[in-house]
Amino acid sequence: MSKGIDLPKAYEAKQVEDGISATWMQSGFFSPENLPERENRREPFSIILPPPNVTGTLHMGHAVMLAIEDAMVRFARMSGKNAVWIPGTDHAAIATESKVEKMLIEKEGKTRHDLGREAFLRRVEAFAKESHDTIVNQMKKMGASVDWSREAYTLDEKRHDAVNTAFLRMYKDGLIYRGYRVINWDPVGKTAVSDEEVEYKEGTATLYTFRYGKDVPIAISTTRPETKVGDTAIAVHPDDPRYQAFIGKEFDVAFAGTTLHLRVIADACVDREFGTGALGVTPAHSLADADLAHVHELPMIQVIDESAHMTQEAGTLVAGKSTLEARALVIEWLREEGLLLGEEEVSQNLSYAQRSGGVIEPLPKEQWFIDVNKSFHFRNSTRHPIDGVEDGQEVSLKSLMQHVVRSGQIKIIPDRFSKTYFHWIDHLRDWNISRQIWFGHRLPVWYRNTEVKVSVTKPEGEGWERDPDTLDTWFSSGLWTFSTLGWPNESSPDLLAYHPTTVMETGYDILFFWVARMILMSTYLLGEIPFETVYLHGLVLDEEGRKMSKSLGNVLNPLDMIDRYGADATRLSLLIGSTPGNDMKISEEKVAGFRNFTNKLWNISRFVFLSVDDVKSIEKPPVPKTLADRWILGRFSEVEKKVTHHFEAHEFSFLGETLRDFTWNEFADWYLEIAKIEKGKEEILLYILERLLLLWHPFMPFVTEELSKNFGKGLALIAPWPVAEYALASIDQQAMMELQEIITAIRSVRSTYHVNSQVMLDIVVDGLLSPDVEPLVKSLAKVASISSFQGEKPAQAAVVLVGEMEIYVKLEGFIDVQKEITHVEEELAEAKRYMQLLEQKLGNTAFVEHAPAAVVEEERAKREATFDRIQKLEQSLHHLSHV
RNA sequence: GGGCGUGUAGCUCAGCUGGUUAGAGCGUCACAUUGACAUUGUGAAGGUCAGAGGUUCGAGUCCUCUCACGCCCACCA
């Protein structure tokens, strides 16, 4: 059997992947308009790639995303859909700017201000360009079948147009406003950040309890004494009997170099149990206090500036000092005045800026916000209207965001994240969208003295200055599902064809940052949902379950994995064993394991190609001739159905396992072995192999594309998805029971003959049996011994006749009776020696009487076990000598 | 403080709407292997399914409580 094609003995991913990548690119089939005509080609499938930041290189998180999305889009494409997957990159405003500035400081000792806006931005752009090219290259290595002709960038001209259009419309509707508010200030990045960009870490702090002055009857507690120079009120609980008498009273008091005017206010939000039960209100430097100040109409005094130093307003004692210096000074002052009543170590959450790591300093600032609660007139889409909201109805952004998920128009997988989503919306505050950085979309806002104009171009007249601020990067990302499809041109062909997109696949960690913002923007601007399904994958962790980070040195680079084990193995290791919304651990070993599988698939193909005369595509379903044929064809059809179902249900791990089990445990281990004995299986082998490769294609595109070439049918990339053509042969009740008996019998043969590794695995059977267990057992033993005596290498499966039934038995190795007898005799001798030893020990009365009872028990148990073992070995020896 | 989740073999995890004897991969051990594949094959060992109680003919699966761990949100000054 060697007339077919002879492939290399092992699959060398490195040698084929680049070539295949090039073939795919040249084919143009990543762009839907180039796809060959098919009946259902009008049905669209669209997925927009979550754009990687242009700050560096791809990591495992990206690799998971690419593996899942590529599997989705390849399946859709093969299923005949008009499939498009749009790639792009994200300018990642703060992240990129701070990275470039950091490099600038390290290499040249200059800050961005030393360079100036224009020159600095040129540096950032150059860096982004370089990073972009690396990322694109990496995506190609992964085998991502994205449509490069539609590539987008969150900061290019088209997206800039979309951003401006969105901003202007929201401003007109009163949803974007400018306000002087307490915001999260990052003193390191020197910019405001949104609530979502603040991270919390547990830390300890000293809680100081003190009075503002001798004449102030209420003591308060704080971890930040330096802010107290900006206090304008003391808040107590309205029902607190201790402070009832003071509510509404006002105090003027000299405090640490300044004079405070404090009003005692009552508010139910005060926790009576904490500290003294009274709270010093600092409206300018606490978001919570700012809310209080708003309700109670308290004045706001800014005592900390943008570089985390005390302002002139803070008074003579601390003005100009850093917050830490000021803290020490205030405490010292309190101590001297005898006002400090107590100090206590408490654990506290400290807030940091996500990107720069700076300690967040809440302070009041003029910023731009999106109002999530304000009512406006909803404009519904004419083509894909949102159900349950009328055109022109009064809604708020918040209510819209809730509605589309609650009504099931957007489905989140796994479902439990819907709860998280609603919980987040319930607590949502207005979104601060202005950033005091340079890299990003500059606000289309102009100022002239007190005049403010929102316009893309400079307003008429002299003296207009453009707002130097840029937009939060997530503002442009929020438009991503439609800004990539041609919006704001509402008649763009792509927008008409592909929006709403079919699925959004991304990590759960950006549910709020991004998914929620896309829902906000799309429902508001288009009156459409941005996507029908949200599939959230988990984070990729290292072997010990830690996040991968450069500082920990536990980063597994997907490119290294691809280099060592191939892209297919890397993809499989990320697809199998990961379930939506759950984090996954990955290790190099795991990837190596899947490399073995790609090689297995390669060798299965190699065997099939070698054993047939003519490698060709089998057009008509082959007619099964034997039991084994009926079985494998039936099983294969079942697998085809299952795989299709798993794809539709986004159950990628199940899908992979189903396919792997069939490929390895059924097709290779059984049918290929049977095919070595029973001839005439060429058609079936080819039929199953060709289709099996296609089923695998979305998961491991490279090796399957390479192997499929041999069938001469064109690219697997656009091959029609296989559809089941056989029914599984039925096995009736009676047969099942008899089958069970046979398996039991076989197992007993195994132990009786002490040939645990020698006999057989399982049997494949269908139809009615009239089994006589004895003959089966005998024939097995016979096959085994005969082969061994003739010194031939036997096949790994045998067909055994039991009555009129053919039974396929898988065999592995055979008994060399003589060798086996010697082996058993040796073991027997050893066991007897051990037995003697135990007898001796237990016969010793001193041991039995003085040793701890447990030890004696243990020895007795050992004697029992050894006795059993001797009996078994003697039995084996008896059987063996009669074979 | 609120919410979500996890706890199943040495390790990583499956186990869907409750149904025979709880599975896979890796690891370990034993044996085999010249002809598709040592990136292989066959087997073995290894589990009171975190614990307690309950519902049920029947619970890894449903309910209640407890313990441990993780994540998210809010934030107490």
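Within every chain, numbering begins at 1; the chains are lettered A, B, ... in the order of the sequence lines, protein sequences first and strands thereafter.
- Counting only residues at least two apart or in different chains, ring-ring contact (aromatic ring centres under 6.0 Å, His included) contacts with residues 571-594 of chain A are absent.
- Within 4.0 Å (heavy atoms only), A:Ile604 reaches at least one base atom of the nucleic acid.
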Sequence neighbours excluded and cut-off under 3.5 Å, please list the side-chain donor-acceptor pairs for residues 269-278 of chain A, or say none.
from: A:Asp271; atom 1: OD1; to: A:Glu273; atom 2: N; distance (Å): 2.9
from: A:Thr276; atom 1: OG1; to: A:Ala219; atom 2: O; distance (Å): 2.5
from: A:Thr276; atom 1: OG1; to: A:Ala278; atom 2: N; distance (Å): 3.3

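- Residue contacts shown for A:Lys9 are limited to sugar-phosphate atoms, with no base heavy atom under 4.0 Å away.
- In the set B:rU39, B:rA36, B:rU12, B:rU39 carries the atom at the smallest distance from any side-chain atom of A:Asn596.
- Ion pair A:Asp291/A:Arg429 flagged as a salt bridge, since at least one NZ, NE, NH1 or NH2 atom sits closer than 4.0 Å to an Asp/Glu carboxylate oxygen.
- Taking only side-chain atoms of A:Phe654, from C-beta outward, the nucleotide of B:rG41, B:rC37, B:rA14 with the closest atom is B:rA14.
- Under the salt bridge (Lys or Arg N to Asp or Glu O under 4.0 Å) criterion, A:Glu651 pairs with no residue, sequence neighbours left out.
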Please encode protein proximity along nucleotides 71-76 of chain B as a string of B, S and -, counting only heavy-atom distances under 4.0 Å. -SSBBB
Between protein and nucleotides 60-63 of chain B, what N or O pairs are separated by less than 3.5 Å?
none

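- Among the atoms of the strands shown, only primed sugar atoms or phosphate atoms (P, OP1, OP2) are found under 4.0 Å from some heavy atom of A:Thr579.
- Contact annotation for A:Arg595: base contact, defined as any heavy-atom pair under 4.0 Å involving a base atom.
- Among the nucleotides B:rA14, B:rG25, B:rC37, the one closest to the side chain of A:Arg660 is B:rG25.
- In terms of the side-chain hydrogen bond (donor to acceptor under 3.5 Å, both in side chains) criterion, A:Asp509 has no residue partners (sequence neighbours excluded).
- Comparing B:rC4, B:rA36, B:rU39 by their nearest atom to the side chain of A:Asn603 picks out B:rA36.
- Residues satisfying the side-chain hydrogen bond (donor to acceptor under 3.5 Å, both in side chains) criterion with A:Lys411, sequence neighbours excluded, are absent altogether.
- Legend: residues meeting side-chain hydrogen bond (donor to acceptor under 3.5 Å, both in side chains) with A:Thr570, ordered by chain and number and at least two apart, are absent.
- In this structure A:Glu197 satisfies the side-chain hydrogen bond (donor to acceptor under 3.5 Å, both in side chains) test together with A:Ser194, A:Arg435, sequence neighbours excluded.
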